[in-house]
Amino acid sequence: MSSVLRTSLLSILLLCLSSFLTASSASFAVTARLSCSPPPPSPPCKAIPETADWPSTASWARLNESTGGRLLRPPPPGAVCHPGQATYNATECPLVQSGWSTYDFHQADPVSTDWNQWNNDSCLPQEGYQCSGQGYPVFVVNATTAQHVKLGVDFARKHNIRLAVKSSGHDFLGRSAAPNSLSIWVHHLKDRLKTHDALTPKHCNFTINTTAVTAPGGTQMIELYSALAALNQTVVGGGGRTVSVGGYLTGGGHSLLSARYGLAADQVLEMEVVTPTGEIVTANECQNQDLFWAMRGGGGSTFGILTSVTMKTFPSPQIVNLEFIIVTGNIGSPSIFEMIAYVLGQFPSLGDQGLAGYSFFFPALSNPLEGGGNGTVAGILLSVVLQDSTVDAMDKLWEPIIEHVNSTWPSEFVFIYNVTTFPSFYDWYQVHYDTSAAGLNTYIGSRLLDAEALTRNLTLNADVFRRFASGGMGTAYLVAGKGVHDAEPRGGGNAVCPAWRKAYVHATFEVQFAPLDVPARAEALERVRHYLEPLRKLSPDSGAYMNEADPEEPDWQHQFWGDNYERLVRIKRAVDPDDVLWCTPCVGNERWQQVGDRLCRV
Ligand SMILES: Cc1cc2nc3c(=O)[nH]c(=O)nc-3n(C[C@H](O)[C@H](O)[C@H](O)COP(=O)(O)OP(=O)(O)OC[C@H]3O[C@@H](n4cnc5c(N)ncnc54)[C@H](O)[C@@H]3O)c2cc1C
Ligand SMILES: *[C@@H]1O[C@H](CO)[C@@H](O)[C@H](O)[C@H]1NC(C)=O
Ligand SMILES: *[C@@H]1O[C@H](CO)[C@@H](O)[C@H](O)[C@H]1NC(C)=O
Ligand SMILES: *[C@@H]1O[C@H](CO)[C@@H](O)[C@H](O)[C@H]1NC(C)=O
Ligand SMILES: *[C@@H]1O[C@H](CO)[C@@H](O)[C@H](O)[C@H]1NC(C)=O
Ligand SMILES: *[C@@H]1O[C@H](CO)[C@@H](O)[C@H](O)[C@H]1NC(C)=O
Ligand SMILES: *[C@@H]1O[C@H](CO)[C@@H](O)[C@H](O)[C@H]1NC(C)=O
Ligand SMILES: *[C@@H]1O[C@H](CO)[C@@H](O)[C@H](O)[C@H]1NC(C)=O
Ligand SMILES: *[C@@H]1O[C@H](CO)[C@@H](O)[C@H](O)[C@H]1NC(C)=O
Ligand SMILES: *[C@@H]1O[C@H](CO)[C@@H](O)[C@H](O)[C@H]1NC(C)=O
Ligand SMILES: *[C@@H]1O[C@H](CO)[C@@H](O)[C@H](O)[C@H]1NC(C)=O
Ligand SMILES: *[C@@H]1O[C@H](CO)[C@@H](O)[C@H](O)[C@H]1NC(C)=O
């Protein structure tokens, strides 16, 4: 059983079920460098510590000095559990082992990432596993200023070293990890958040009449939410407490508030960016417009490193929260996915009426709760909200739906319906932030679904969603809709996948697998692809949400960016002619490939 559970809904389900079962059963200003001498021959691969072109100890020491001693050579975090490793420590090992399943642990470490395969399972914190630094960066700049970032970027460019950028390390596609690299750890780009009642972007001759906040590039959701809560404001932000603006905003960023205001990338008014050529620039609708366009949806660690962002803020809404479960113990009944297709078919209309949130559906979920019996159920769980609304309005939305399900499939389903209200977004969030686990080996796939796909043919959809969820659990996040369709990003647009502009639902499927098992890893990716295939067929012209997607999504260039892709590549070539930033699957990465643990020209 596996899924990206965004809330503690599953535990709520299990509690509810236990009672139920026991009771009843460019205009880009930074120009490419002008060069008069012929270019030196390009090395075929990036340098690694074993090659002659790797910088000398003295060179690294100079980088360290220039950054004020902020260069780290971190051991793999799991090394404390391996006798023989320099940092072996029997007292610390159990702390690392218990921290491993938490987001907090990985975000606080200079090199750790959430999903083991991205560090190549190379030092898991259990004795018996191998331990080497092989899957981790070699050096790290612990940056606290844009200048530190620039020094790291310049060094990597000059010395032909693979460059990585890590903030929280939460990336599902492994884009914040790289072997044999110099990593810029942007997590400590933190400072007091600066709020605005109106904003004049740098070099613009007008003022934007909106409240806004300026946050450093390492800022995390919880920091934004808590600081803004003091002002009764909030931002379009994500569910994970330690997700950072760096990867989230540059990837698009969906939110409970998106149905109302648009994606996170749509809220951005200005960015400070360290470019791959080492310039510290401001990008907004009046200068560096191409970079501004690309950095809002074009992906992280591709066009530059975000050191500060200014985005709109909104009055914090009061939240009406619904936890709703529709299940049956009659596993295998054809009604189950007919019901699910019907409920998901209501999402466009519900979304237009302001509903937002998350849903999870499954053909069979066994109830592992102690004392919960051995019942297995099938159906759907919803964790959804209305903003600035009433319990009555929530009830009115669902009454006809419950009525329809109950009369179409009489006495087939059990309804567990629980509405509560929260005075502010932050009050809601403190209960409903994403509590899922980290420290696993996992892949996710994504599909964006529009109204037509969700409503055109419910008979077909029953089969589509049945096949989609047959591998365990499917999700349908109602995180797009009107606000995303009607968004008016500054400067006339941004690079977000055009499929978002028609979507209501971002559907995901997740598969976990055992570490250090090459066939299991390949099979997991195959499974993700296999279970998403029915959704791909259902919405062939749609796309996928890059930040929560299959890293080897077929035709990822267009699935993640649609027809924005070609413009994005042109901007990538203009801002990063030497491919200083490289990740996969990332815009314009086609000239290089990873061979073993080396990055080489194609
Ligand atoms: C618990 C959890 C909940 C989530 N909830 C949501 C959600 O509600 N909505 C949503 O849309 N997504 C959500 N996500 C997905 C999230 O958007 C991605 O995981 C995203 O990549 C995280 O960005 P990060 O900067 O925190 O992570 P990292 O792994 O550190 O970075 C991700 C990517 O961005 C790059 N990057 C990071 N910082 C910078 C920077 N300053 N400048 C340039 N590049 C940078 C990295 O190199 C990497 O390519 C969630 C993820 C988790 C783990
Ligand atoms: C960088 O310098 C600091 C302080 O001078 C030192 O503690 C640290 O070990 C150095 N880093 C590396 C990688 O040598
Ligand atoms: C091991 O870790 C503990 C707790 O952090 C620390 O107090 C102790 O000094 C460490 N031991 C060694 C040998 O480094
Ligand atoms: C990184 O820098 C921050 C801010 O100065 C500091 O608090 C932290 O201890 C540093 N981390 C490491 C591993 O040196
Ligand atoms: C603002 O700048 C634009 C473009 O440079 C110019 O066309 C416009 O007249 C200016 N407006 C004001 C009020 O100065
Ligand atoms: C700014 O917007 C607010 C709210 O929409 C409005 O009341 C106010 O008049 C606007 N101010 C200006 C200067 O346009
Ligand atoms: C926030 O809202 C509360 C409750 O409505 C109010 O008492 C408080 O003054 C507000 N704070 C600010 C900074 O507006
Ligand atoms: C639970 O499962 C056990 C073993 O499979 C079985 O013997 C028992 O009858 C089941 N109980 C119920 C209530 O289904
Ligand atoms: C479902 O229908 C039955 C029979 O008409 C009725 O008794 C029951 O209250 C209904 N349940 C819900 C949740 O509406
Ligand atoms: C309903 O939800 C609230 C808030 O999450 C919770 O405290 C309460 O126990 C739930 N009630 C039921 C019957 O599950
Ligand atoms: C809906 O899909 C079903 C199953 O694929 C198909 O048999 C039926 O003809 C479709 N209905 C319409 C109106 O297209
Ligand atoms: C991962 O580790 C294996 C050895 O366990 C090695 O053969 C392989 O090249 C590594 N892959 C990468 C991408 O570093």
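Atoms within a ligand are numbered from 1 in the order they appear, just like the ligands themselves. Here the structure is a predicted model, which means the values were calculated and not measured.
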Cationic tip of K46 above W592 ring, under 6.0 Å, 45° of axis:
yes
NZ or CZ of R521 within 45° of F513 ring axis and under 6.0 Å:
no
When only distance counts, is T420 in polar contact with ligand 10, meaning an N/O pair under 3.5 Å?
no
Contacting atoms of ligand 9, where contact means under 4.0 angstrom from a heavy atom of F415
13 (C)
Using a distance threshold of 4.0 Å (strictly less than), state whether [atom] has a protein heavy-atom neighbour.
| atom | result |
| --- | --- |
| atom 4 (C) of ligand 9 | no |
| atom 9 (O) of ligand 9 | no |
| atom 12 (C) of ligand 12 | yes |

Audit row: H404, Q346, side chain to side chain donor-acceptor pair (under 3.5 Å) steps and yes/no
CA-CA 11 Å; H404 178 91; Q346 299 301 308; over 6 Å; no
If we number the atoms of ligand 12 from 1 as shown, the ones under 4.0 Å from a heavy atom of D597 are 14 (O)
Under 4.0 Å to a heavy atom of Q594 - the qualifying atoms of ligand 12, by number:
13 (C)
Among all protein heavy atoms in this structure, tell me which lies nearest to [atom], with the distance rounded to 0.1 Å.
| atom | answer |
| --- | --- |
| atom 6 (C) of ligand 9 | N406 ND2, 4.0 Å |
| atom 2 (O) of ligand 12 | N120 ND2, 2.3 Å |
| atom 14 (O) of ligand 12 | Q134 NE2, 2.7 Å |

Under 3.5 Å side-chain donor-acceptor pair for [X] and [Y]:
| X | Y | result |
| --- | --- | --- |
| E523 | H530 | no |
| R175 | N547 | yes |
| S168 | T242 | no |

Non-hydrogen atom of G596 closer than 4.0 Å to ligand 12
yes
Report yes or no: is the SG-SG distance between C81 and C131 under 2.5 Å?
no
Closer than 3.5 angstrom, by distance alone: can the side chain of D550 be matched with the main-chain N or O of R529 as a donor-acceptor pair?
no
